[in-house]
Amino acid sequence: MPKDNGIGAAPKRREDLRFLTGKGRYTDDINIAGQAHAYFLRSDVAHGTINSIDTAAAAGMDGVVSILTAADFEAAGGIPCGWCVTDRHGQPMKEPKHPILAEGKVRHVGDPIAMIIADTLEQARDAAEAINVDITELPAVVDMSTALDAGATKVHDEFDDNLCYDWTFGSDDAAVEEAFSKAAHITTLELVNNRLVANPMEPRVAVGDYTSHNDESTLYTTSQNPHVIRLLMGAFVLGIPEHKLRVVAPDVGGGFGAKIYHYAEEAACTLAAKLCGRPVKWTSSRSEAFMSDAHGRDHITKMELALDADNNFIGIRTDTLANMGAYLSTFAPSIPTYLHGTLMAGNYKTPVVQVNVKSIFTTTVPVDAYRGAGRPEATFQLERIVDMAARELGVSPIDLRNQNFISKDMFPYATPVAVEYDTGDYHATLAKGADLADVAGFDARAAASAANGKLRGLGVAHFIEACGIAPSALVGQLGARAGLYESATVRVNATGGLVVMTGSHSHGQGHETTFPQVVAEMIGIDESMVEIVHGDTANTPMGMGTYGSRSLAVGGSAIVRATEKIINKAKKIAAHLMEAAEGDIELKDGTFSVAGTDKSIAWGDVALTAYVPHNYPLEDLEPGLEETAFYDPANFTYPAGAYICEVEVDPDTGKVDVLNFTAADDFGNVVNPMIVAGQVHGGIVQGIGQALLENCSYDENGQLLSASFMDYTMPRADDIPFMTVDHSCVTPCTHNPLGVKGCGEAGAIGSPPAVVNAVLDALHRGGHNVPHIDMPLTPSRVWSAMNG
Amino acid sequence: MSEIEMKVNGKSVKGDAEGRTLLSSFLREELRLTGTHVGCDTSQCGACVVHVDGVAVKSCTMLAADAAGADVTTIEGMANADGSLSVIQAAFQEHHGLQCGFCTPGMVMSAAALLKENPKPSEAEIRHYLEGNICRCTGYHNIVKSVLAASGQLDESGGAIAAE
Ligand code: FES
Ligand code: FES
């Protein structure tokens with residue numbers, strides 16, 4: 001019988017009631033009396049020197065309140081980067097200034113030049129058209145493969161070249177040479193991991209407000225981590241101490257990474273509100289989002305896999321060029337390095353793994369984390385090359401994986417790329433996936449497709465990721481400029497209800513439903529007694545927000561720790577009330593009892609006593625029942641799973657149809673299976689999008705070709721089949737109190753190689769020996785590969 | 001600016017609109033009915049779908065002035081008279097057909113229009129009909145399931161669907 005309360009139950013989501021009735025409160029729904037509207041005039045060229053900005057005519061237009069340019073932000077700092085990568089020579093990365101508004105140069109299409117504030121948005125837009133910007137265009141830097149050539153145009157004049165850093169990680173050169181010299185077979189794969197745009201359906205919005213009576217600034221923003229924005233913007237950009245700055249991220253319409261970062265528009269609206277003495281609101285249009293939200297992926301990679309004569313993996317070497325775009329976004333330098341290199345061992349016991357990455361400045365929008373962030377790029381190359389090796393060697397891709405998997409008796413397992421996996425059973429997840437996907441029956445289905453003139457293919461991938469981000473001491477050594485703990489305050493009210501204030505943030509993940517399940521389970525009360533508060537720095541403890549599948553593993557652990565403190569104190573109160581020893585007090589189903597007696601007292605009575613301490617051990621215990629905990633994880637968590645895709649390719653057109661998709665994941669313990677399944681569905685479809693449809697492209701002049709939903713193809717309902725998702729293979733995480741691993745990114749990590757492997761399998765079965773096609777596998781690319 | 005009048009969710013309303021004001025802006029800014037969302041500027045995403053005289057319309061593609069005198073229903077008007085969720089809304093909650101909720105108003109309005117036209121749509125018909133509504137969160141799986149459920153085509157255990 002499934003549970004109907006607590007951990008493992010699947011209660012209906014509470015947040016749905018407001019979202020289904022139009023009562024959600026997203027940032028763009030906020031309108032403050034007297035607000036003005038901001039519009040950003042953005043560069044329409046990729047690269048150029050700004051000679052002059054003439055705002056005189058625009059400033060006099062109807063409704064215009066103010067026009068700000070870089071000169072107005074002279075006292076402000078640049079947008080900071082949160083991570084400093086050290087290169088292979090021990091030198092820090094190059095870190096250019098990222099001004100709020102372009103200073104002297106524009107460096108990508110969409111780089112903001114001027115902020116126009118007017119009574120209405122239309123007036124601000126009209127005024128922007130009257131601004132005369134004189135720019136001398138410079139050559140664009142778009143192609144990473146030539147950006148490091150001698151004499152290449154420089155994106156940042158103060159540096160010698162366009163290299164942000166040259167980084168190496170894992171096994172040393174001698175070990176790699178030795179492994180490859182002993183190889184019986186070497187498989188080589190060159191690929192492009194396509195540039196993507198996260199495109200949460202809610203575009204970004206920022207509303208700045210300033211109240212002079214208390215000198216306080218408030219920013220309402222579409223953010224995944226309001227405390228991080230407050231810290232970065234307050235301390236590094238605007239110089240506002242935290243107690244004078246409040247950041248609110250109310251209902252947020254999806255994030256997927258793109259809403260982690262501190263963006264220029266947030267600082268601009270916050271400062272402008274003070275300068276103009278009016279609230280200032282900016283709402284991104286979708287076209288603007290394409291050229292101002294951080295993009296994702298965009299790697300060019302060459303990977304080699306060495307195998308011995310028995311098909312054991314003995315060495316991996318990979319070289320990647322990673323696009324940083326024009327400026328360093330908040331997490332950008334860490335994505336191709338610590339979130340990519342550390343996962344390059346995958347699920348395999350390969351003894352030698354070396355990862356080399358050159359990160360490069362280009363005249364494009366900054367590139368940063370997008371769902372999975374580095375881990376999809378690692379998984380893609382690894383799971384492609386394993387398939388490729390299997391094909392070259394004439395063995396089954398499933399057998400080759402099983403042969404090389406780290407087996408379940410090898411945990412904890414230290415990889416050659418610095419991380420130590422705590423638990424996993426990859427043979428079990430792959431067997432589960434193969435069973436659910438009916439791999440055994442595939443040949444019959446392929447024959448049926450062939451009879452219909454279609455090529456059917458089956459693709460397997462097995463991923464691992466590191467999430468539950470992250471142990472602060474470890475990431476500090478790796479260059480993170482912040483800790484990555486999470487926080488929770490649990491407040492028990494006088495009549496027994498609880499409010500949990502979390503530093504993590506929900507923008508679709510359902511925390512308001514899931515977190516109460518955890519607390520209710522611990523105390524033995526109904527979930528309806530627990531309310532979750534998040535998204536406002538004024539009423540939540542300092543926390544690092546939601547990304548990297550960390551909310552439950554790190555934020556949930558903080559909630560557990562705070563609730564444990566509550567229970568401990570409540571037991572002391574109960575012991576006093578029942579005149580028993582504290583050690584004899586038991587808590588079950590919301591009732592305290594004295595072991596071995598029939599004495600008991602209800603949860604609510606203890607809570608009341610804490611606030612009405614007439615009969616209370618005041619000499620030993622403070623009144624009240626409210627506790628805070630900060631939880632810093634001991635390690636990352638390592639979810640893993642098998643992703644199996646079945647496609648049909650139309651040989652006449654190259655069109656790919658995804659027929660079946662199966663995911664068998666090990667997420668450790670699961671708190672709400674309904675929400676976990678939903679996360680996996682969404683992730684898989686974003687991965688299918690990357691594999692088949694989505695591509696953010698620039699022309700050689702740095703013009704963004706895919707700047708709307710007309711040119712950037714998002715998966716639609718009719719591109720996708722029903723999926724089979726399973727999370728019954730469980731090896732609990734050993735180092736967090738819930739034994740959970742995280743499920744938010746898995747789908748997007750595991751699915752792209754499964755889809756591509758399936759398409760190539762289909763082509764192979766049709767007699768086309770195509771070793772690789774770069775994503776997205778559009779009909780024209782597939783058709784050309786078959787007929788090329 | 002001129003004043004226009006229409007019926008929204010059963011009530012007569014008036015508001016100011018320029019000639020260029022879109023119905024989506026009129027609903028959101030003038031009437032402060034912020035349940036209707038705007039997710040794009042190329043009429044691709046469907047977050048803005050409302051019903052105008054019973055027909056599903058992307059409100060970002062219609063001028064407010066053109067809706068003058070019309071009978072408009074938005075997501076705020078979809079619940080039952082007693083405030084409880086309508087069958088479609090309840091199905092979305094029951095089957096986890098929404099995550100961040102941003103596409104949801106448009107999805108619900110489109111689904112309602114579909115079921116009016118075709119009370120028992122097949123899975124393929126649902127997917128085809130919702131092609132103009134983008135959801136970035138759910139992968140559509142549970143949205144399609146919600147619509148099947150709302151049309152009475154799922155049993156208690158979700159049995160009408162082969163795989164889940
Ligand atoms: S806002 Fe109307 S279709 Fe996107
Ligand atoms: S639920 Fe977030 S876009 Fe659909």
Side-chain angles (χ1 to χ4, degrees), chain A residues 10 12-13 15-26 28-29 31 122 198-203 251-256 283 285-287 507-510 660 662 674-675 677-686 688 708-710 714-725 747, chain B residues 18 20 28-29 32-42 44-45 47 74-79 83 85 88-90 92-105 108 123-124 126-145 161-164:
Chain A
K12 288 185 250 180
R13 295 202 326 168
E15 37 278 85
D16 292 358
L17 288 176
R18 62 179 190 274
F19 294 151
L20 280 163
T21 53
K23 294 187 185 123
R25 186 169 181 256
Y26 299 86
D28 194 41
D29 303 341
N31 294 293
E122 288 73 21
N199 278 324
M201 291 316 297
E202 176 203 31
D251 287 330
V252 172
F256 316 114
T283 301
S285 68
R286 181 59 60 183
S287 312
H507 31 279
Q509 295 88 343
N660 296 310
T662 304
M674 174 189 84
I675 285 178
Q679 288 291 310
V680 178
H681 293 148
I684 288 172
V685 170
Q686 289 187 4
I688 292 174
S708 78
F709 287 150
M710 316 253 266
M714 302 270 279
R716 311 272 180 149
D718 58 357
D719 296 314
I720 303 296
F722 279 122
M723 296 160 263
T724 303
V725 309
Chain B
E18 286 186 51
R20 60 180 167 177
R28 288 185 54 80
E29 312 297 332
R32 294 285 151 100
L33 289 171
T34 55
T36 298
H37 293 160
V38 174
C40 74
D41 45 13
T42 52
Q44 290 283 309
C45 77
T74 69
I75 189 70
E76 287 92 343
M78 288 302 280
L85 297 182
I88 294 176
Q89 290 168 313
F92 269 73
Q93 186 186 27
E94 181 71 34
H95 296 281
H96 191 27
L98 63 152
Q99 291 182 23
C100 78
F102 198 80
C103 72
T104 308
V108 169
E123 179 202 336
I126 295 169
R127 289 186 185 276
H128 182 70
Y129 192 90
L130 294 181
E131 196 265 346
N133 291 78
I134 305 179
C135 174
R136 192 56 153 169
C137 295
T138 63
Y140 305 102
H141 183 108
N142 286 339
I143 290 176
V144 177
K145 235 176 116 174
I161 297 170
E164 184 185 327

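What you are looking at is a predicted structure, and each value in this text was computed from that prediction instead of being measured. So you know, we letter chains A, B, ... as the sequences are listed, proteins then strands, and number each from 1.
Residue contact with chain B, scored on non-hydrogen atoms closer than 4.5 Å, involves the side chain of A/Tyr26 exclusively. Proximity to chain B (any heavy atom under 4.5 Å) is restricted, for A/Ala198, to the backbone atoms N, CA, C and O. Both the backbone and the side chain of A/Asp28 have a heavy atom closer than 4.5 Å to some heavy atom of chain B. Interface remark: A/Val252 contributes backbone atoms only to the contact with chain B (heavy atom separation under 4.5 Å). Both the backbone and the side chain of A/Gln679 come within contact range of chain B, with heavy atoms under 4.5 Å apart. At a 4.5 Å heavy-atom cutoff, A/Ile684 makes no contact with chain B through either its backbone or its side chain. Contacts between A/Glu122 and chain B at a heavy-atom distance below 4.5 Å involve backbone atoms as well as side-chain atoms.
Residues B/Cys45 and A/Phe709 come closest through the heavy atom pair CB-CE1, 4.1 Å. Taking both residues in full, the closest heavy atoms of B/Leu98 and A/Phe19 are given as CD1-CB, 3.5 Å, listed atom of the first, atom of the second, then distance. The two residues A/Gly253 and B/Cys100 have their closest heavy-atom pair at C-SG, 3.4 Å. Considering every non-hydrogen atom in both A/Pro203 and B/Val38, the closest pair reads CD-O, 3.7 Å. Heavy-atom minimum distance, A/Ser287 versus B/Asp41: OG-OD2, 2.6 Å.
Here the side chains of B/Thr138 and A/Val685 are not in contact, with every heavy-atom distance at 4.5 Å or above. Taking the side chain as every heavy atom from C-beta outward, A/Met201 and B/Ile134 approach each other to under 4.5 Å. By the 4.5 Å heavy-atom criterion applied to side chains, B/Arg28 and A/Asp29 are counted as neighbours.
Taken from CD1 in A/Ile720 to CZ in B/Arg127, the straight-line distance is 7.5 Å, to the nearest 0.5 Å. Taken to the nearest 0.5 Å, the NE2 atom of A/His681 stands 9.5 Å off from the CD atom of B/Gln99. Note that CZ of B/Arg136 and CE of A/Met714 are 4.0 Å apart. Values are rounded to the nearest 0.5 Å.
Remark: A/Arg13 fails to qualify as a cation-pi partner of B/Phe92 under the 6.0 Å distance and 45° angle criteria applied to the six-membered ring.
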